[in-house]
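The residues of the chain are indexed from 1 along the displayed sequence. Note that these values count all heavy atoms, side chains included, but never hydrogens, waters or copies made by symmetry.
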Amino acid sequence: MDRELYGREAVLEPAGLTARLTGLTPYSFTPVPYEHPDDPPVTVFTGGRGMGKTALLKQIRNAYRGGTPLALLDCAHIEPPADHGPGWNPLTGALAELAVQLAPRIHSAKPVQFPRLSLGLVAVASIGWSQEDDERARRDLQRLGPVLATVDATKGAAATWVTKVLAKLAASAAESTAPLAGLLAEATVETVLEEVFGRFQQKSDAWYGSYRNAGGRGKAGLQQLAIDFEQGGRRRTEAEDFLVGALVEDLGRAYTGLTRRGTRRGRPLVLLDNAHLPLGRRLVEPLLRERATGRRDQIVVMASSRVRDHAGLRHATRLRLPETAHRAPCPRGADITSGILAVELTPLSPAHTQRAFDRHDPAGRTPAELARAAHRLTGGRPLGVTLLSRAAGQAPARLRPTLTPGALLDLTVELREDTPPRPVAATLLGELLPGLRPDPLAVLAAAHDEDSARTLARTRLRGESPDGDLVLRVRDLLHADDWPSGPRHFVGDPLLRALLLHRLRFHDADHPAYTAWRAVHETLHGLYGPDPGPYRLHQDLALGRTEDAVTRLRLDFPQPDITGWLGRLTFIASAPHPREQHRAAADPRRAVALGQDVPELPPGVEEDAAELHLCLRRLLHAVWLLTDPLALPDDDVVERMAHELRQLSGRHRTGSSPLWDAATHWPKDIRAWRDLTVPPGSEDGA
């Protein structure tokens with residue numbers, strides 16, 4: 001079933017990128033002019049996890065299914081058949097799967113046949129056979145039945161040809177007990193040609209006459225292909241490249257060969273998910289090499305890559321997704337990778353996020369700012385937007401008016417009607433970090449840099465990495481998935497960090513102790529002691545202790561560098577809040593920021609410093625609340641923050657201007673969903 005893909009109109013519109021490359025509009029298959037009539041580029045959508053690459057490829061498949069030959073292959077999930085012979089590897093398995101998907105009849109056109117690819121796969125399948133183990137040969141041949149069925153559905157699906165192949169093999173290799181790749185390949189190919197191929201396909205083997213050492217003889221080429229595949233190394237790579245060429249040739253013949261001209265419209269479409277993996281390159285690079293030599297084909301390849309700076313994209317033309325809406329130039333240079341158009345998937349806009357929330361909450365029963373706050377938390381990452389908007393729509397009615405981004409993470413969400421609801425935070429984290437154990441990462445997410453992460457690894461994660469530095473290993477794993485690094489956080493992405501810290505606090509359900517959370521932050525607190533510097537005070541706030549931070553801000557306030565003081569304030573207040581899960585009451589920081597919670601002053605505070613101390617306490621809590629990505633903005637708190645900054649401006653002897661500017665610009669930053677600017681107003685130029 002289709003789902004709305006917000007912000008991907010440049011790809012899926014009637015005049016969008018896919019339509020201009022395939023020559024067909026989505027769904028209706030109306031002809032449109034080709035943008036690249038003679039040399040379509042390989043289009044690679046780039047973006048990290050959760051950016052919607054897989055969803056986009058699936059939507060393209062849905063939009064063009066039945067209108068043109070089409071296949072969708074995930075290069076990360078080519079499952080090996082049980083007890084396969086040495087003639088199977090991920091590439092041959094992928095080619096067989098592509099052929100089976102591309103073959104079916106489409107609107108007003110015959111099925112696509114793959115005789116050349118079938119012969120090549122049959123030849124390499126034979127390299128592990130011997131007379132003493134005809135059962136392996138039988139299994140390998142039966143697995144090729146679906147590919148051979150593209151040539152003749154009736155004969156390919158029957159078992160009689162398998163029996164005749166085995167009989168021919170027994171006669172050809174009667175004296176052999178070891179695999180003889182060339183001899184067995186010839187006997188297999190001959191029987192397949194006789195028993196499966198009709199008269200129009202029985203000369204398909206001639207295409208292999210151009211293979212190495214074939215001398216124009218097709219069967220000799222297939223023999224050599226099997227020998228090279230068995231040899232491995234560079235020779236196997238040459239054989240695999242030729243098999244890719246066989247698929248391209250068969251697909252091209254369906255358009256220009258025996259099929260009457262004019263019966264096919266548009267171009268065939270091959271969709272490759274996770275093409276940054278080695279299998280993706282092994283499928284795409286032979287195609288690019290042939291195109292670079294001037295041999296043209298009309299296959300539209302659209303792929304995804306989780307890595308933007310992949311070596312296979314080194315000379316690609318790079319565009320951002322919105323730039324491809326009407327035109328996508330891709331000039332070809334000398335390097336083969338210049339035939340690639342790398343399209344960076346951009347985050348969803350706030351307007352797209354609002355549409356997603358409106359779709360799931362059409363009555364508007366959630367807070368008006370919730371969608372924008374969710375956009376800030378997710379950074380517009382489509383996976384996060386989709387899951388949080390769905391959770392908001394499914395939230396119990398009593399909770400909807402008080403929902404915050406943090407409260408959304410605490411909910412469960414029903415993804416399918418036939419499965420029970422799942423925790424939002426854990427589900428999202430599992431999608432963003434598949435295959436990784438989240439608990440060690442949750443500990444390291446509290447760190448600011450590699451050194452503090454290494455302290456946590458040494459004290460809290462003993463035994464997690466017996467084979468090397470855990471911190472470097474995690475750093476490289478995050479980098480491999482294209483997660484950004486940050487100057488003040490070991491885990492740089494705000495959404496990923498928020499999810500990991502959510503797990504650190506709540507996963508062991510030990511309320512009210514929160515043992516893991518407290519142990520991790522106490523470790524960091526000790527690392528930065530005993531001097532109450534910004535990093536130590538940051539950890540104090542994460543532990544729910546604020547008085548030392550207020551005291552330090554008060555003592556440092558008279559210093560002349562008030563801009564540096566503002567920077568320290570914002571850093572201390574960027575600490576994660578040790579909030580309570582499923583809390584229905586208002587955020588406790590709000591009452592403090594508004595002066596509704598007046599504590600006793602610390603011992604030794606003189607009367608003339610008491611007013612300053614309380615003012616800074618209110619300011620700290622206001623900044624802490626207003627910059628928290630898990631909270632909603634609050635106009636009353638914004639106004640109170642501005643008021644406190646103006647009051648402080650009048651108290652400071654030399655730094656009144658930066659404080660006054662902060663009172664002016666920080667409310668603008670909050671309302672524009674920006675980080676607080678230091679110096680105030682420095683980023684927006686106001």
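Interatomic distance, CG of Leu56 versus CG of Leu321, reported as 7.5 Å (0.5 Å rounding). A distance of 5.0 Å separates CD1 in Ile106 from OG1 in Thr68, rounded to the nearest 0.5 Å. Rounding to the nearest 0.5 angstrom, the gap separating the CG atom in Asp38 from the CZ atom in Arg332 is 11.5 Å. One distance of note links CG of Leu441 with CG of Leu429; it measures 8.0 Å at 0.5 Å rounding. Here the straight-line distance linking atom CG of Asn89 with atom CG of Leu95 works out to 9.0 Å at 0.5 Å rounding. In this structure, CZ in Arg291 is found 10.0 Å from CD1 in Ile340, a value given to the nearest 0.5 Å.
When every heavy atom of Asn274 is checked against every heavy atom of Cys75, the shortest pair comes out as O-CB, 3.4 Å. Contact record, Leu477 with Leu436: CD1-CD2, 4.0 Å, taken as the closest heavy-atom pair. Taking each heavy atom of Thr46 and Glu344 in turn, the nearest pair found is OG1-CA, 3.3 Å. Of all non-hydrogen atoms in Pro86 and Arg236, the two that sit nearest each other are O-NH2, 4.2 Å. Contact between Pro41 and Leu21 at its shortest, heavy atoms only, is CD-CD2, 3.9 Å. Considering all non-hydrogen atoms of both residues, Gly312 and His310 come closest at N-ND1, 2.9 Å.
Side-chain contact check for Ile78 versus Leu91: every heavy-atom pair is 4.5 Å or farther apart. Residues Tyr64 and Leu24 are in side-chain contact: their nearest non-hydrogen atoms beyond the backbone lie under 4.5 Å apart. Between Arg282 and Glu240 the shortest side-chain heavy-atom distance falls below 4.5 Å. Side-chain contact between Phe29 and Pro31 is absent, with no heavy atoms from C-beta onward closer than 4.5 Å. Using a 4.5 Å heavy-atom cutoff, the side chains of Arg264 and Val112 are in contact. Contact annotation: the side chain of Leu144 never approaches that of Ser118 to less than 4.5 Å [non-hydrogen atoms, C-beta and beyond]. With contacts defined as side-chain heavy-atom distances shorter than 4.5 Å, the pair Thr346/Pro322 qualifies. Between Asp297 and Glu290 there is no side-chain heavy-atom pair separated by less than 4.5 Å.
Arg475 places no side-chain N or O within 3.5 Å of a backbone atom of Ser485 that could act as its donor or acceptor partner. Here the side chain of Arg65 pairs no donor or acceptor atom with the backbone of Asn62 at under 3.5 angstrom. Between the Thr237 side chain and the Gly233 main chain, a donor and an acceptor come within less than 3.5 Å of each other. Side chain of Glu431 to main chain of Gly50: no donor-acceptor pair is present (N/O by atom type, distance under 3.5 Å, no hydrogens or angles). The closest donor-acceptor contact from the side chain of Lys53 to the backbone of Gly48 lies under 3.5 Å. Using modelled atom types, one side-chain atom of Thr25 and one backbone atom of Thr30 make a donor-acceptor pair closer than 3.5 Å. Looking at Arg20, its side chain does come within 3.5 Å of a backbone N or O of Ala15 through a donor-acceptor pair. With hydrogens and angles disregarded, a donor-acceptor distance shorter than 3.5 Å links the side chain of Thr150 to the backbone of Phe114.
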Q) How far apart are the C-alpha atoms of Asp241 and Arg289, what are their side-chain angles, what is the distance that settles it, and do they pass the side-chain contact (heavy atoms from CB on, under 4.5 Å) test? A) CA-CA 10 Å; Asp241 288 356; Arg289 279 193 288 270; 2.8 Å; yes
Q.
With side-chain contact (heavy atoms from CB on, under 4.5 Å) as the criterion, how do Leu313 and Thr337 come out once you've worked through the C-alpha distance, each side chain's angles and the decisive distance to 0.1 Å?
A. CA-CA 6 Å; Leu313 303 175; Thr337 59; over 6 Å; no
(Q) Val270 vs Leu73, test: side-chain contact (heavy atoms from CB on, under 4.5 Å). Steps then yes/no. (A) CA-CA 8 Å; Val270 174; Leu73 183 80; over 6 Å; no
Q: For side-chain contact (heavy atoms from CB on, under 4.5 Å), just list the numbers for Val385 and Tyr6, CA-CA rounded to whole Å, side-chain angles, deciding distance to a tenth of an Å, and then say yes or no.
A: CA-CA 10 Å; Val385 169; Tyr6 307 99; 5.7 Å; no
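Among Leu222, Leu117, Val192, the one residue that satisfies the side chain to side chain contact (heavy atoms under 4.5 Å, CB included) test with Val122 is Val192. Of the listed residues (Met51, Arg8, Arg381), just one forms a side chain to side chain contact (heavy atoms under 4.5 Å, CB included) with Leu348, and that residue is Arg8.
Ring geometry, Phe242 versus Trp207: the interplanar angle falls from 30° to 60°, so the pair is classed tilted.
Among pairs with a residue in residues 40-49, those fulfilling salt bridge (charged side-chain N to carboxylate O under 4.0 Å, His left out) read Arg49-Asp481, at least two apart in sequence or across chains.
Under the 4.0 Å criterion applied to side-chain N and carboxylate O atoms, Lys219 and Asp205 are assigned as salt-bridge partners. By the 4.0 Å N-to-carboxylate-O rule, Arg253 lies too far from Asp250 to be salt-bridged with it.
Listed by chain and number, the residues in a ring-ring contact (aromatic ring centres under 6.0 Å, His included) with His352 amount to none (sequence neighbours excluded). Evaluation of the ring-ring contact (aromatic ring centres under 6.0 Å, His included) rule for Phe45 yields no partner, not counting sequence neighbours.
Shown here is Arg295, whose CZ atom has no more than 12 heavy atoms of other residues, nucleotides or ligands within 6.0 Å.
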